[in-house]
Amino acid sequence: MNAPISEFVRAYEKNGGLRMHMPGHKGMYGALSALDITEIAGADELYADEGIISESQQNAAALFGSRLTLYSTEGSSLCIRAMVYLALLEARRRGRAPVLLAARNCHKAFLSALAHTGMDAQWLWSEKDDGIVSCSVTPGALRRALKARKTKPAGVYVTSPDYLGRLQDIAGLSRVCREADVPLLVDNAHGAYLRFLKEDLHPLSLGADLCCDSAHKTLPALTGAAYLHISKAAPEGFTQNARRAMALFASSSPSYLTLISLDECNVLLEEEFPSQLYALCTHLAALKQRLRARGYALTGAEPLKLSIHAKPYGYSGGGLHALLRARGIEAEFSDPDFLTFMPSPIQGEEALSRLEEALMSVSKAPAIDTCPPPAPRPERVLSVREALLNPAQEVSAKEALGRVFVWGHVSCPPCVPILAPGERVDEEALRCFQYYGVSHIQVL
Ligand SMILES: Cc1ncc(COP(=O)(O)O)c(C=O)c1O
């Protein structure tokens, strides 16, 4: 596979022409910044692509088996806004309700997408108490939720995988969506690599119509690198309007460094990445077994994540994180209960050995038996958009009982809000704010 963006920019840099164009640094930050150009002649234009970007995106589409793959240099956050907009256009075309049935553990980018587009959300809740970060939606529960509606929604929206390595049953959910003739949208920000496993678990291969992947999370790509994928079975309108949807929400200054990394990533994905991934997942599966034997409780079935439920081992997630940090190991995410590591295939087995040594050196302590408060199921007062388009007042979380929530500090990761904008602050929400250390929130 070729890498046309990379080839063009590297040739341009080598020619040493006078850069009378953006960006302003003119390459002064060394070798990498010398490749940081803008959409000059020959460099194509993101979302009006006809040249090297188009060719590179087609390479990516072939690798992921999509009908169309578009690059984002602004993460999955941009793709999520575009997906919701595409679902809205399609719903309008078909006279459907502008509402998505959405699993509650959405990333905040989904809330921003609702505010931008005016799409509404009807939340799907987990049947068990999964906490804030997870929300498993079974095909049966989705079927019941779809049947209970008087009108067909614009689509169904789920996050899979989540920060704790939990995967939704995308194959089952997509069958229910096909029966009901509604599109399935998947936030697969954490799962770009799923396509390259021995058993392909990528949402697109399991029946999703639209999905976004943050290449930068699990593939060797720079921060901001992401894909919007449209499946071969998706409604035609998704493909027709995709470039417009991305352009509408995107910056007009895409990062060529990030584009180059997506471009060169195609070559790696076709060549060495799958075997590196297989090797790392095999080692990680064996490590997970040894950790379980040692007494660690693990969450999620995701093969490239290691997520520990720390309390049964006698620590909070943050406490265990601090012990590892002292040994020079930084995890991706920790909260009072969980600690999540995201190793990469390019790190190889030694990185896992170092992690194992550190985890094994921590002695098991008496289990902490406190549980997180149940995730709130609050009263909806306003839509997300109505709430977010209102001026709000900042109050201490303790004083907020009964007020309408607008925004609160959503720490990232996991960026999953405790309440959605427009919901009434109730006792359960207050307990969650306290547990997760949210001291102030904005309310109406
Ligand atoms: C589940 C989920 N969706 C979407 C995003 C946004 O992705 P990005 O940072 O690539 O914009 C994140 C980021 O952490 C995420 O965890």
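Order of appearance sets the numbers: ligands from 1, and atoms from 1 within every ligand. By convention here, the first residue in the shown sequence is residue 1.
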Engineer: E74 and S251: side-chain contact (heavy atoms from CB on, under 4.5 Å), yes or no, with the steps?
Structural biologist: CA-CA 8 Å; E74 296 164 72; S251 161; 3.5 Å; yes

Engineer: Need the ligand 1 atom indices (1-based, order shown) with element for anything under 4.0 Å from a heavy-atom of I80.
Structural biologist: 4 (C)

Engineer: What atoms in ligand 1 come closer than 4.0 Å to a heavy atom of S214?
Structural biologist: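 Ligand 1 atoms under the 4.0 Å threshold to S214: 7 (O), 8 (P), 10 (O).
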
Engineer: Would you mind reporting whether Y163 and D335 have side-chain heavy atoms less than 4.5 Å apart?
Structural biologist: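 A side-chain contact under 4.5 Å is absent here.
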
Engineer: For residues 214-222, please give each side-chain donor-acceptor pair under 3.5 Å, one per line with the distance, not counting sequence neighbours.
Structural biologist:
from: S214; atom 1: OG; to: S76; atom 2: OG; distance (Å): 2.7
from: T218; atom 1: OG1; to: Y193; atom 2: N; distance (Å): 3.4

Engineer: Any atom of ligand 1 sitting under 4.0 Å from a heavy atom of F110?
Structural biologist: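 No heavy atom of F110 comes that close to ligand 1.
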
Engineer: Can you sort out which atoms of ligand 1 are near G75, meaning under 4.0 Å from one of its heavy atoms?
Structural biologist: 8 (P), 10 (O), 11 (O)

Engineer: Measuring from non-hydrogen atoms of D162 to any atom of ligand 1, is the shortest distance under 4.0 Å?
Structural biologist: no

Engineer: Please could you name the atoms of ligand 1 that T159 approaches to less than 4.0 Å, counting only its heavy atoms?
Structural biologist: 1 (C)

Engineer: With heavy atoms under 4.0 Å as the rule, classify the contact between L78 and ligand 1 as side chain, backbone, both or neither.
Structural biologist: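 Neither part.
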
Engineer: Find out whether L114 and D120 are in side-chain contact, i.e. whether some heavy atom of one side chain is under 4.5 Å from a heavy atom of the other.
Structural biologist: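 No; the side chains remain at least 4.5 Å from each other.
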
Engineer: Of all the atoms in ligand 1, which lie at a distance below 4.0 Å from a heavy atom belonging to A189?
Structural biologist: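 Close to A189: 2 (C), 3 (N), 4 (C), 5 (C).
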
Engineer: With a cut-off of 4.0 Å, which atoms of ligand 1 are near a heavy atom of S76?
Structural biologist: 7 (O), 8 (P), 10 (O), 11 (O)

Engineer: Run through L388, I441, N390 and flag the one making a side chain to side chain contact (heavy atoms under 4.5 Å, CB included) with V406.
Structural biologist: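 By the side chain to side chain contact (heavy atoms under 4.5 Å, CB included) criterion, V406 pairs with just one of L388, I441, N390: L388.
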
Engineer: Holding to salt bridge (Lys or Arg N to Asp or Glu O under 4.0 Å), I want the full list of residues that pass it with R385, two or more places apart in sequence or in another chain.
Structural biologist: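 R385 satisfies salt bridge (Lys or Arg N to Asp or Glu O under 4.0 Å) with no other residue.
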
Engineer: Any non-hydrogen side-chain atom of L419 less than 4.5 Å from a side-chain atom of R424?
Structural biologist: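 Not touching, per the 4.5 Å side-chain cut-off.
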
Engineer: In terms of side-chain geometry, is the basic nitrogen of D181 or R96 positioned less than 4.0 Å from the acidic oxygen of its partner?
Structural biologist: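 Salt bridge between D181 and R96, a charged N being under 4.0 Å from a carboxylate O: yes.
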
Engineer: Just going by heavy-atom distances, which of H107, K217, K108 is nearest to atom 14 (O) of ligand 1?
Structural biologist: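 Looking at heavy atoms only, K217 sits closest to atom 14 (O) of ligand 1.
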
Engineer: I want to know if ligand 1 touches H216 in the polar sense, i.e. an N/O pair below 3.5 angstrom.
Structural biologist: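 There is such a contact, yes.
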
